[in-house]
Amino acid sequence: MDHLFVDNLTVIDFAYLDPARGLVGESWIVDVVLSGELDEQGMVFDFSNVKRTIKRVIDERVDHRLVIPRGYEGLHWHDDRPDTFTWALTDGGRIVHRSPDEAVVWLSAPAVEPAAVAALLQQELKTVLPANVTGIAIELRAEHIDGPYYHYVHGLKKHLGNCQRIAHGHRSPIRIDRNGLRDSAEEQRWAERWKDIYVGSEEDVVRRETGADGRTHVTFEYEANQGEFTLTLPESRVYLMNTDTTVELIAAHIADELKRAYPDDRIRVKAYEGVGKGAIAER
């Protein structure tokens with residue numbers, strides 16, 4: 001038996017639902033090992049086909065989607081709207097989501113964990129690999145980050161690709177410099193502020209509702225070229241911006257906030273969007 005490995009094949013940027021954490025943005029690096037007999041070229045699988053075939057399937061199946069574990073007892077479907085479900089949170093809040101089918105992934109597991117998502121992808125890939133490939137192992141892992149980071153979810157209604165989906169996300173480090181020196185305290189403050197947060201645009205808010213328990217929920221709604229999207233979640237889990245929420249505008253927003261706090265300082269913000277990419281704003 002021979003093996004072909006590809007480390008760092010791609011990064012999956014997605015969101016998932018958790019009973020306590022709520023809507024969580026995540027970024028997992030994908031490593032792949034293929035097992036099998038050598039073909040007539042002396043290969044298990046041509047490297048040139050790895051990205052064309054394997055990366056495409058992984059990206060199409062999970063990347064920029066909302067992953068939902070079917071096994072959670074607090075998951076409820078709406079009989080009158082088959083594209084809508086409610087996710088009950090352990091603190092008494094709720095998340096309501098509506099979108100086209102291609103914006104979600106239903107996971108046959110009680111919770112979203114790397115092993116469960118890897119098993120889903122391995123099953124999908126078996127159908128597209130040649131007969132000489134008899135085994136596939138996928139490892140999904142988080143980037144090692146030295147310093148503060150946050151998990152955030154957003155949706156970009158003006159985007160023509162999959163970023164328009166209202167609930168996709170990232171696990172992102174942040175670098176903040178004041179007057180040329182790293183400000184670890186501000187980095188930590190923003191990481192805590194945006195821990196498991198939904199970063200939304202004020203213009204997409206269609207209503208706010210406060211219940212008898214005093215808890216306020218915010219509903220976002222918009223139509224993009226893939227269809228109609230709606231998301232309701234507790235206001236305490238939302239951070240609102242008066243612009244869209246691209247990473248460029250996120251970096252600019254944080255830099256503007258810091259400039260207001262430190263008007264005499266030179267500010268530089270390096271905001272990541274997942275692994276190894278992002279935007280820089282200087283003020």
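Just so you know, these numbers use all the heavy atoms, side chains as well, and skip hydrogens, waters and symmetry mates. Residue indices begin at 1 and follow the sequence shown.
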Exercise for the section: Please list all pairs passing the side chain to side chain donor-acceptor pair (under 3.5 Å) test where one or both residues lie in residues 148-159, with sequence neighbours left out. Expected result: His154-His168, His154-His170, His154-Thr245, Lys157-Glu203, Lys157-Asp204, Lys158-Asp244
Problem - Heavy-atom closest pair, residues Leu160 and Asn225 - result: O-ND2, 3.5 Å
Problem - Val275 versus Ser27, closest heavy-atom pair with distance - result: CG2-CB, 4.3 Å
Handout entry: Arg94 backbone acceptor or donor facing His217 side chain under 3.5 Å
Key = yes
Handout entry: Lys/Arg N to Asp/Glu carboxylate O, Glu202 vs Arg208, below 4.0 Å
Key = yes
Handout entry: Flag if over 12 foreign heavy atoms under 6.0 Å of CG, Asp79
Key = no
Problem - CD1 on Ile166 to CD on Glu228, rounded to 0.5 Å - result: 11.0 Å
Handout entry: Between CD1 on residue Ile176 and CG on residue Asp183, distance to nearest 0.5 Å
Key = 6.5 Å
Exercise for the section: Could you walk me through whether Glu102 and Asn162 pass side-chain hydrogen bond (donor to acceptor under 3.5 Å, both in side chains), step by step? Expected result: CA-CA 9 Å; Glu102 61 264 29; Asn162 293 336; over 6 Å; no
Handout entry: Closest contact, heavy atoms only, Ala255 versus Ala281
Key = CB-CB, 3.9 Å
Handout entry: Single hit among Thr219, Val238, Leu23, Leu66 for side chain to side chain contact (heavy atoms under 4.5 Å, CB included) with Leu231
Key = Leu23
Problem - Min side-chain heavy-atom separation Val153-Ile197 under 4.5 Å - result: no
Completion exercise
With sequence neighbours left out, the residues meeting side-chain hydrogen bond (donor to acceptor under 3.5 Å, both in side chains) with Arg61 are Glu124
Completion exercise
Rounded to the nearest 0.5 Å, the CD1 atom of Ile54 sits from the CG atom of Leu125 at a distance of 6.0 Å
Problem - Candidate list Glu221, Arg165, Glu223, test side chain to side chain contact (heavy atoms under 4.5 Å, CB included), partner Phe229, passing option - result: Arg165
Practice task
Could you check if a side-chain atom of Asp18 sits within less than 4.5 angstrom of a side-chain atom of Val112, using non-hydrogen atoms only?
Solution key: no
Practice task
Check step by step if salt bridge (charged side-chain N to carboxylate O under 4.0 Å, His left out) holds for Asp256 and Arg283.
Solution key: CA-CA 7 Å; Asp256 288 341; Arg283 298 292 185 268; 2.7 Å; yes
Fill in the blank from the handout: Of all heavy-atom pairs linking Gly274 and Pro173, the shortest is O-CD, 3.9 Å
Handout entry: Test side-chain contact (heavy atoms from CB on, under 4.5 Å) applied to Val117 and Trp28, step by step
Key = CA-CA 11 Å; Val117 178; Trp28 284 342; 3.8 Å; yes
Practice task
State, without any angle test, whether Ser35 and His3 hold a side-chain donor-acceptor pair at a distance under 3.5 Å.
Solution key: yes
Exercise for the section: Would you check, one step at a time, whether the test side-chain contact (heavy atoms from CB on, under 4.5 Å) holds for Ile29 with Leu140? Expected result: CA-CA 6 Å; Ile29 299 167; Leu140 303 176; over 6 Å; no
Problem - Sub-6.0 Å ring centroid separation between Tyr198 and Phe220 - result: yes
Practice task
Show your working on side-chain contact (heavy atoms from CB on, under 4.5 Å) between Arg141 and Asp31 and close with a plain yes or no.
Solution key: CA-CA 8 Å; Arg141 56 185 172 87; Asp31 299 329; 2.6 Å; yes
Handout entry: Qualifying salt bridge (charged side-chain N to carboxylate O under 4.0 Å, His left out) pairs, either residue in residues 3-14, two or more places apart
Key = Asp13-Lys277
Practice task
Following the transitive rule for hydrophobic clusters with a side-chain heavy-atom cut-off under 4.5 Å over Ile, Leu, Val, Met, Phe, Trp and Tyr, establish whether Val96 and Val104 coincide in one cluster.
Solution key: no
Exercise for the section: Quick one: pull up CG in Asp63 and CD1 in Ile58 and give me the separation to the nearest 0.5 Å. Expected result: 10.0 Å
Practice task
Please name all residues satisfying side-chain hydrogen bond (donor to acceptor under 3.5 Å, both in side chains) with Thr216, sequence neighbours left out, ordered by chain then number.
Solution key: Thr210
Handout entry: Ring-ring centroid check His97 Phe85, cutoff 6.0 Å
Key = yes
Completion exercise
Nearest heavy-atom approach of Ala109 to Pro69 is O-CB, 3.1 Å
Problem - By side-chain hydrogen bond (donor to acceptor under 3.5 Å, both in side chains) - contacts of Asn179 (at least two apart) - result: Asp265
Problem - Phe5 reachable from Val30 in the ILVMFWY side-chain graph, under 4.5 Å edges - result: no
Handout entry: Thr243-His253 side chain donor-acceptor pair, cut-off 3.5 Å
Key = no
Handout entry: Close side-chain approach of Ser201 to Leu240, heavy-atom, < 4.5 Å
Key = no
Handout entry: Hphob cluster co-occupancy, Ile136 + Leu38, side-chain heavy atoms under 4.5 angstrom
Key = yes
Practice task
In sequence, state the C-alpha distance, the side-chain angles, and the governing distance for Ile95 and Leu17, and then conclude on side-chain contact (heavy atoms from CB on, under 4.5 Å).
Solution key: CA-CA 9 Å; Ile95 294 172; Leu17 285 166; 3.7 Å; yes
Exercise for the section: Take atom NZ of Lys259 as the centre, draw a 6.0 Å sphere, and report whether it contains more than 12 heavy atoms from other residues, nucleotides or ligands. Expected result: yes
Handout entry: With Glu186 via side-chain hydrogen bond (donor to acceptor under 3.5 Å, both in side chains) - residues at least two apart
Key = Arg189, Tyr262
Handout entry: Residue pair Arg56 / Arg52, side-chain heavy-atom distance below 4.5 Å
Key = no
Problem - Beyond-backbone contact of Val57 with Leu121, side-chain heavy atoms, under 4.5 angstrom - result: no
Problem - Arg98-Thr230 side chain donor-acceptor pair, cut-off 3.5 Å - result: yes
Exercise for the section: Examine Ile12 and Val128 and state if one hydrophobic cluster contains both, with Ile, Leu, Val, Met, Phe, Trp and Tyr joined whenever side-chain heavy atoms are less than 4.5 Å apart. Expected result: yes
Problem - Atom pair CG (Leu120) and CD1 (Ile138), whose distance is rounded to the nearest 0.5 Å - result: 9.0 Å
Exercise for the section: Using a strict 4.0 Å threshold on nitrogen-to-oxygen distance, state whether Asp177 and Arg182 make a salt bridge. Expected result: no
Problem - Hphob cluster co-occupancy, Leu129 + Val33, side-chain heavy atoms under 4.5 angstrom - result: no
Problem - Beyond-backbone contact of Ile280 with Val269, side-chain heavy atoms, under 4.5 angstrom - result: no
Exercise for the section: Locate the shortest heavy-atom distance separating Glu248 from Ala279; write the atom from each residue and the value. Expected result: CA-CB, 3.6 Å
Practice task
State, yes or no, whether a side-chain contact exists between Trp194 and Val199 at a heavy-atom distance under 4.5 Å.
Solution key: yes
Exercise for the section: Please find out if less than 6.0 Å separates the ring center of Trp87 from that of Trp77. Expected result: no
Practice task
Report the distance from atom OH of Tyr239 to atom CD1 of Ile250, rounding to the nearest 0.5 Å.
Solution key: 10.0 Å
Practice task
Evaluate whether atom CG of Asp101 has more than 12 neighbouring non-hydrogen atoms of other residues, nucleotides or ligands under 6.0 angstrom away.
Solution key: no
Handout entry: Flag for Arg65-Tyr16: side-chain donor and acceptor within less than 3.5 Å
Key = no
Exercise for the section: Report yes if the side chains of Ile267 and Arg178 come closer than 4.5 Å at any heavy-atom pair, otherwise no. Expected result: yes
